[in-house]
Amino acid sequence: MELVGHLKSGFVAILGRPNAGKSTLLNALTGEKVAIVTPKPQTTRNRIAGVVEVPARKGRHPAAQIVFVDTPGVHKPSSQLDRRMLQEVHEALETRDLVLVLIDASRRVQLEAVGEPGEAHQHKSSNWSSEEEFLFGLIRGLDCPVFLVLTKIDLVAKDLLLPLIETLTKQYSFAEVIPISARKRDGLDVLVHKIVEKLPNGERYYPTDQYTDQPMRFMVAELIRERILVDTGEEVPYAAAVVIERYEEPPAEPAKPKKTKSQPDRLPLTRISAVIYCERDGQKAILIGKGGAKLKEIGTGARKQIESLLGTRVYLELHVIVEPGWRESRPFIDSLDWRNQLEKLAEKDGGGSGADK
């Protein structure tokens, strides 16, 4: 049976509770750092698309372009920012051909294994059940295939997976149940193959060499926010937002003869200025640190990641501004959306410079 004569394409929404492994899976599938990843929950705040080109496999499936859409972790909203994040989830579900529901197998097994009647465990299990029901409520009524993807299976004994699958499949009739370990790339080929089987025939949504819909300036802002998440604790990471104020790409240079090893070419320089917003003076003090040490640590870590992303040297300036209660300000939260930022940049400079990248 010949299957290579046409193309399949579609949008696949990735849903899950905070820390279920959604961004790790997206990065593993694309082979690029499309989404930032930290151990802290609610790291992702926006819909992030990762584009995967799947070559045809004779006798199995045709070529395909899969647009994976990572979403913020599903949790009951308690702030305007949370509500905006949930809106991102709903919008991802409106334009999808297939949905992946990710469940952290390791955490689910750990909770069930505790088995002690203490109040703390009962409270934790109650919270888990409530949040999980909230997640399953989002997919009930969908008219597209829904896959159950059990993540982090490398941390779970195999004999514990089957009972877990039986429990979860009682809650929803999944089109497929696929255990994976994105970190070890276990199960990813099976997942991609099953997705391609379910996608409709179609055209490419993105050029073959594009792996995300995000502009570089947004990815840069996310890398800075990643360092804040990693380098600070308590409430600071969740009260921090990053906005790129200036993004100057190096001018295009004419081709030059290659330098010798004794005279290597010096990489061009990208100049970036970013503002870190927080909600209180105490948070600002933590972000800056004694003598500016913490801000320098954040900047150094972010700069290395940004240089790796851009392939240039980077001059990075960071400033910290207190914006009281920004997580409850809808206009401010809307201003953080990179799509809105691009519109304002286009209005400001006619879309002419590299600032809209």
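Because the structure is predicted, anything quoted here is derived from the model rather than measured. We're numbering straight along the sequence, starting at 1.
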(message) Please tell me whether Leu309 and Val230 are part of a single hydrophobic cluster in this structure, the criterion being side-chain heavy atoms less than 4.5 Å apart.
(response) no
What I'd like to find out is whether the side chain of [X] reaches to under 4.5 Å of the side chain of [Y], using heavy atoms alone.
{"X": "Leu318", "Y": "Leu316", "answer": "yes"}
{"X": "Thr44", "Y": "Lys22", "answer": "no"}
{"X": "Leu191", "Y": "Val149", "answer": "yes"}
{"X": "Arg246", "Y": "Ile272", "answer": "no"}

(request) Name all pairs fulfilling the ring-ring contact (aromatic ring centres under 6.0 Å, His included) condition that reach into residues 146-169, sequence neighbours left out, sorted by first residue then second. (result) none
I'd like a table of donor-acceptor pairs (distance under 3.5 Å, sequence neighbours excluded) in which one partner is a side-chain atom from residues 33-42, with atom names and distances.
from  : atom 1 : to     : atom 2 : distance (Å)
Lys33 : NZ     : Glu226 : OE1    : 2.7
Lys33 : NZ     : Glu226 : OE2    : 2.9
Thr38 : OG1    : Lys40  : N      : 3.1
Thr38 : OG1    : Thr43  : OG1    : 2.8
Lys40 : NZ     : Leu229 : O      : 2.4
Lys40 : NZ     : Thr232 : O      : 3.3

(request) Look only at the side chain of Glu88 and the backbone of Thr71, and say whether a donor-acceptor pair between them is shorter than 3.5 Å. (result) no
(message) Assess the residue pair Lys152 and Ser181 against the criterion (side chain to side chain contact (heavy atoms under 4.5 Å, CB included)); give the C-alpha distance rounded to whole Å, side-chain angles, the decisive distance to 0.1 Å, and a yes or no.
(response) CA-CA 5 Å; Lys152 309 180 187 180; Ser181 169; over 6 Å; no
(message) Please evaluate residues Trp326 and Phe332 with respect to the criterion ring pair (Phe, Tyr, Trp, His ring centres under 6.0 Å), reporting the C-alpha separation (whole Å), side-chain torsions for both, the decisive distance (0.1 Å), and the verdict.
(response) CA-CA 6 Å; Trp326 71 260; Phe332 186 87; 5.6 Å; yes
(request) First locate atom CD of Gln80, then atom CD of Glu328, and finally report the distance between them rounded to the nearest 0.5 Å. (result) 6.5 Å
(request) Give, for atom CD1 of Ile153 and atom CG of Leu164, the distance between the pair rounded to the nearest 0.5 Å. (result) 11.0 Å
(message) Quick check on Asp159: does its CG atom have over 12 non-hydrogen neighbours (other residues, nucleotides or ligands) under 6.0 Å away?
(response) yes
(request) Run through the side-chain heavy atoms of Ile, Leu, Val, Met, Phe, Trp and Tyr, join any pair under 4.5 Å, and report what else lands in Val67's cluster. (result) Phe11, Val51, Val69, Tyr205, Tyr206
